[in-house]
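Just the heavy atoms: all of them, side chains too, but no hydrogens, waters or symmetry mates, feed the values below. All values reported here derive from a predicted model rather than from experimental measurement.
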Amino acid sequence: MSANGFVTRFLAYHQKDIEIPYRPSNLKNKLIQLAQANNREFKKAFVGKS
């Protein structure tokens, strides 16, 4: 799943009582950045493993 897809789905279905520590105007961009960084780390962990 792409970072954009993950964030879009997360924002649509997350519990509304969970506080996310970013301004609403910047929330989606920050979450996408975090998801992209997570994807890069995940890929690094599995490089060379089959």
*Kindly determine whether N4 and K28 satisfy side-chain contact (heavy atoms from CB on, under 4.5 Å), including the steps that lead there.*
CA-CA 9 Å; N4 289 346; K28 187 172 183 178; over 6 Å; no

_Test side-chain contact (heavy atoms from CB on, under 4.5 Å) applied to F10 and I20, step by step_ = CA-CA 12 Å; F10 175 80; I20 302 171; 3.6 Å; yes

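Considering only heavy atoms from C-beta on, L34 comes within 4.5 Å of Y22 through its side chain.
Remark: Y13 pairs with no residue by the ring pair (Phe, Tyr, Trp, His ring centres under 6.0 Å) rule, at least two apart or across chains.
Nearest heavy-atom pair across L27 and L11 is CD2-CD2, 3.7 Å. Of all the heavy atoms in V7 and A35, the pair that sits closest is CG2-CB, 4.2 Å.
Put simply, CZ on R9 and OG on S2 are 12.5 Å apart, with the number rounded to the nearest 0.5 Å. Within the model, atoms CZ of F6 and CG of N38 stand 8.0 Å from one another, a figure rounded to the nearest 0.5 Å. Between N26 atom CG and L31 atom CG the span is 9.5 Å, to the nearest 0.5 Å.
Ring orientation note: the planes of F42 and F46 are tilted relative to one another, at an angle of 30° to 60°.
Put simply, the residue from Q15, E19, H14 that forms a side-chain contact (heavy atoms from CB on, under 4.5 Å) with D17 is Q15.
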